[in-house]
Structures are given as C-alpha cells and as structure tokens.
Amino acid sequence: REAESQLKQISLKNDHIKTTLKAMNKDTKTEQASYTKVLKESEDLKKVIEKAEQEISTLTGKVGNIDEASVRVKSESLSSNISTLKDRISQLTGIVNAKLAFEFKTPEKGFDRSRVKGLVAKLVTVTDKKTATALEIAAGGKLYQVVVDNEVTGKLLLEKGQLTKRVTILPLNKISSRSIDADRLNQAKAAASKLKGTANLALELVGYDDEIRKAIEYVFGNVIVCDTSDVAKSITFNKSIGARTVTLDGDVYEPSGIMSGGSKNQMGQLLSTISELSESQQKLDEMRNEYKAVEVTLGQVELSGGKVKELTAAVELKKHALKMCDDKLANKDTRRRTEGEPRGMLYIIYCWS
C-alpha cells in the first residue's frame, strides 16, 4: 500500500508537472511571438531611419553651403533696387518723351508702321557719355528729323498722318550721305596725335542699326569730335582737311572761320538722358534675370530646408521608438536567460516520469 500511495503521489505530481509545462510552453510560444514582432519592428525602424537620413543627406547636398538668410537678404535687396531703377526709368522716359514726342495716325488701311523708323535721336546710342554734348551740337536740329523707308511713306505721313507739329522727313532711299573720306580723317587723327589729343568722326561715336546707316551718316558723317579747342582748330583750319569740328565742351569751328561756343545751357543733356535711359533699361533686364535666379535658389533652399526639418523631426521620433524596441528586446533576452534553466528541469522531469 505504501508503494501504491507513493505511486499515486508521483502520478499526481506528474500530472501537475504536465499541466505546468503545458502552460509554460504556451507562455513560451506567446513570448517568442512577441519577441519576433518586436524584433521585426526594430528592423523596420532601422530601415526607415536609414532611408530618411540618406534623403536628408541628398537634400543638404543639393543646396550645398547656401545660407538661406543671406539669399533672402540678396532677394530683398534686388527687389528694392529694381523698384528704384523702375522709378528712374519712368522719370527718364517722361523727359525723353516730352522732348521727342512724335505721333502720327495710320495714313492708310494696312499701313505697316515699321516703315516709319522714328526720330534720329531715338535711333542712336552714345558709346561714351563724355561725347554727348559734342554729338548733340554736331547733329543740331537733325536729331529731331524723322527717318522713314522711302519718299512714299514720307508723303503719306505729311498728307494723311495728321501730324501735330512740323517735321523734317529723311527717306532712306533718297538721302545722300556725305561722310568725310578716309584720307582726310586720317590726316585729322594725325594732327590730333601731334598735339597729344584725339579726333574722331562723330559717326564713330554712336551706335545704330545698319538699316538706317545712310540717315546716320547724313547726320554725323561730316563732323569731327575733338577733345580740345587746339586740336579742333588745327584740323578745321588745315586747308588739306578743312572739316567742321566740335569739342567735348561744345565749341564749334567752321572751315569758313566761324566759331561758336560759350554757355552750353541744356545742350548735350538730351543724348545723355537717352543714353542713361538705354543703360538703365539694360541694367533693369540684368537685375530682373538675377532676381529670378535668386528666387529660384531661395525656393530650393526653403523647400529643402523645410523638408530636412520635417525629416529630422521624424527621424528623432523613429529613433525614440527604436530605443524602446531595443529596450524591450533586451528585457526579453534577460528574462529568457534567467527563466531558461527551470523550464529545462521541468522538461527533464516530465521525460523521466
């Protein structure tokens, strides 16, 4: 009976061990599943973090070391300068238009207005501002003459253009240009050189389109611009040259012996104003192009900077989540090591029984 009693006790213990082991196996499977889930979550987070950091590096590389604040300051400066320059251009345009107003009605149906080239003053550009006074005096009233393609156009303007003021018309097909020949011009330059001065054909000092060359030669082709009065006199009163000269200060010398000069008043300011207007318009175009480029750069910097901040914040959150996963995995590893031996003993007992 004692043996039966012991056997019964052993059987009860064995049943208890089986039940306990079954529960522990179930817990182990649950724990393993949880561990696997956390491990996968950790690996996924690492991949997300790596991808985000690569994107941050790429975005940072695109803008290099460009400082957003300095780009913004440059953009604001350009915007302000453009506004100031536009005001100046508007002021210069008003001055030029007031002096060179020329309007006409379309003289006939289908008339091509490009046949009217415009006033001489608006058709030339001064290559050096210091010559503006001399050039304006050299041209005189011819600056206000109107260049057209031919005499037919000129007649239509006079008869049907309803002109508001009297004008002189220069038909390109009828103009007889009269430019100083190369030999006389070379002699003039040589005479100026002896006096350590300069002498240039007025025509050489203006820019213009080739299609109106004949008109511009007519206006500027027979006058020599000199830097000083001594140079001018040495050229004008030289019988082998005998050309009309104008100094940079506006003094005029005629081969006939007539001389004029003195107060310039407003002489030379028209061409100077037109020249400044042309330069200002060119500068405005350059500024606008630069402003567009700066705005593109600023947009890229702002976009990249905003994206980098967004990604950096997201990475920080993911890193925090990764740390929590790693802590969980560390705790589970510790628990598995500390709980592994008792479970093994129970398993041995179970098998022995």
Can you tell me if [X] uses its side chain to pair, donor with acceptor, with the backbone of [Y] under 3.5 Å?
X: Asp181; Y: Arg184; result: yes
X: Thr133; Y: Leu248; result: no
X: Glu136; Y: Leu270; result: yes
X: Ser83; Y: Ser79; result: no
X: Ser80; Y: Ser77; result: no
X: Asp128; Y: Lys130; result: yes
X: Lys165; Y: Ala101; result: yes
X: Lys196; Y: Ser193; result: no

Contact summary for [X] and [Y], nearest pair of heavy atoms:
X: Ala134; Y: Val225; result: CB-CG1, 3.7 Å
X: Ala191; Y: Ile235; result: CB-CG1, 4.3 Å
X: Leu135; Y: Leu205; result: CD1-O, 3.8 Å
X: Val231; Y: Ser234; result: O-OG, 2.7 Å
X: Gly197; Y: Asp227; result: CA-OD2, 3.4 Å
X: Thr247; Y: Ala232; result: CG2-CB, 3.9 Å

Report yes if some heavy atom in the side chain of [X] is under 4.5 Å from a heavy atom in the side chain of [Y]; otherwise report no.
X: Gln145; Y: Leu119; result: no
X: Leu158; Y: Ile169; result: yes
X: Phe104; Y: Lys160; result: no
X: Thr131; Y: Val126; result: yes

Problem set entry | Evaluation steps, side-chain contact (heavy atoms from CB on, under 4.5 Å), between Val120 and Lys142 | CA-CA 7 Å; Val120 171; Lys142 293 176 184 175; 5.6 Å; no
Nearest 0.5 angstrom please: [X] [atom1] to [Y] [atom2], how far?
X: Gln162; Y: Leu157; atom1: CD; atom2: CG; value: 11.5 Å
X: Lys117; Y: Leu172; atom1: NZ; atom2: CG; value: 7.0 Å
X: Leu100; Y: Leu143; atom1: CG; atom2: CG; value: 8.0 Å
X: Leu201; Y: Glu217; atom1: CG; atom2: CD; value: 9.0 Å
X: Ile274; Y: Glu279; atom1: CD1; atom2: CD; value: 12.5 Å
X: Leu203; Y: Ile216; atom1: CG; atom2: CD1; value: 8.0 Å

Under 3.5 Å side-chain donor-acceptor pair for [X] and [Y]:
X: Glu295; Y: Ser75; value: yes
X: Gln187; Y: Asp183; value: yes
X: Asn238; Y: Ser240; value: yes
X: Thr236; Y: Arg244; value: no

So with a 6.0 Å cut-off around [atom1] of [X], is the heavy-atom count from everything else above 12?
X: Glu103; atom1: CD; answer: no
X: Lys129; atom1: NZ; answer: yes
X: Lys214; atom1: NZ; answer: yes

Exercise. Taking only residues two or more places apart in sequence, or in another chain, which ones meet Phe237 in a ring pair (Phe, Tyr, Trp, His ring centres under 6.0 Å)?
Worked result: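 Residues passing ring pair (Phe, Tyr, Trp, His ring centres under 6.0 Å) with Phe237: none at all.
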Problem set entry | Non-neighbouring partners of Asn222 that pass side-chain hydrogen bond (donor to acceptor under 3.5 Å, both in side chains), sequence neighbours left out |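 Asn222 satisfies side-chain hydrogen bond (donor to acceptor under 3.5 Å, both in side chains) with no residue once adjacent residues are dropped.
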For this session: Please list, chain by chain and in numerical order, all residues satisfying side-chain hydrogen bond (donor to acceptor under 3.5 Å, both in side chains) with Tyr208, sequence neighbours excluded.
Result: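 So Tyr208 forms a side-chain hydrogen bond (donor to acceptor under 3.5 Å, both in side chains) with Arg213.
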Exercise. Picking from Asp230, Thr228, Ile224, what satisfies side-chain contact (heavy atoms from CB on, under 4.5 Å) with Cys226?
Worked result: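 Looking at Asp230, Thr228, Ile224, the match for Cys226 under the side-chain contact (heavy atoms from CB on, under 4.5 Å) is Ile224.
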Between side-chain atoms of residues 282-294 and protein atoms elsewhere (two or more places apart, or another chain), which donor-acceptor pairs fall under 3.5 Å?
residue	atom	partner	partner atom	Å
Asn289	ND2	Asp285	O	3.3

If Ile, Leu, Val, Met, Phe, Trp and Tyr residues are connected whenever their side-chain heavy atoms lie under 4.5 Å apart, and connections chain through other members, are [X] and [Y] in the same group?
X: Met259; Y: Val246; result: no
X: Ile241; Y: Tyr253; result: no
X: Leu277; Y: Ile95; result: no

For this session: Begin from the C-alpha positions of Thr125 and Val206 and carry the test side-chain contact (heavy atoms from CB on, under 4.5 Å) through to its verdict.
Result: CA-CA 5 Å; Thr125 56; Val206 293; over 6 Å; no
For this session: Dump the intermediate steps for side-chain contact (heavy atoms from CB on, under 4.5 Å) on Val146 and Thr168, then the final yes or no.
Result: CA-CA 6 Å; Val146 179; Thr168 299; over 6 Å; no
Exercise. Salt bridge check: are Glu204 and Lys189 linked by an N-O gap of less than 4.0 Å?
Worked result: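 Yes, this pair counts.
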Exercise. Under 4.0 Å between a Lys/Arg side-chain N and an Asp/Glu carboxylate O for Glu276 and Arg88?
Worked result: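 Here Glu276 pairs with Arg88 in a salt bridge, since their nearest N and O are under 4.0 Å apart.
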For this session: Apply side chain to side chain contact (heavy atoms under 4.5 Å, CB included) to Thr153 and list each qualifying residue two or more places apart in sequence or on a separate chain.
Result: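 Thr153: side chain to side chain contact (heavy atoms under 4.5 Å, CB included) contacts with Phe111, Arg115, Val116, Val148, Asp149, Asn150.
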For this session: Could you pull out all residues at least two apart from Ser256 that satisfy side chain to side chain contact (heavy atoms under 4.5 Å, CB included)?
Result: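 Expected list: Glu254, Ile258.
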Exercise. Do Glu151 and Asn173 pass the side-chain contact (heavy atoms from CB on, under 4.5 Å) test, and can you show the C-alpha distance, the side-chain angles, and the key distance before you say yes or no?
Worked result: CA-CA 7 Å; Glu151 80 282 6; Asn173 67 326; 2.7 Å; yes
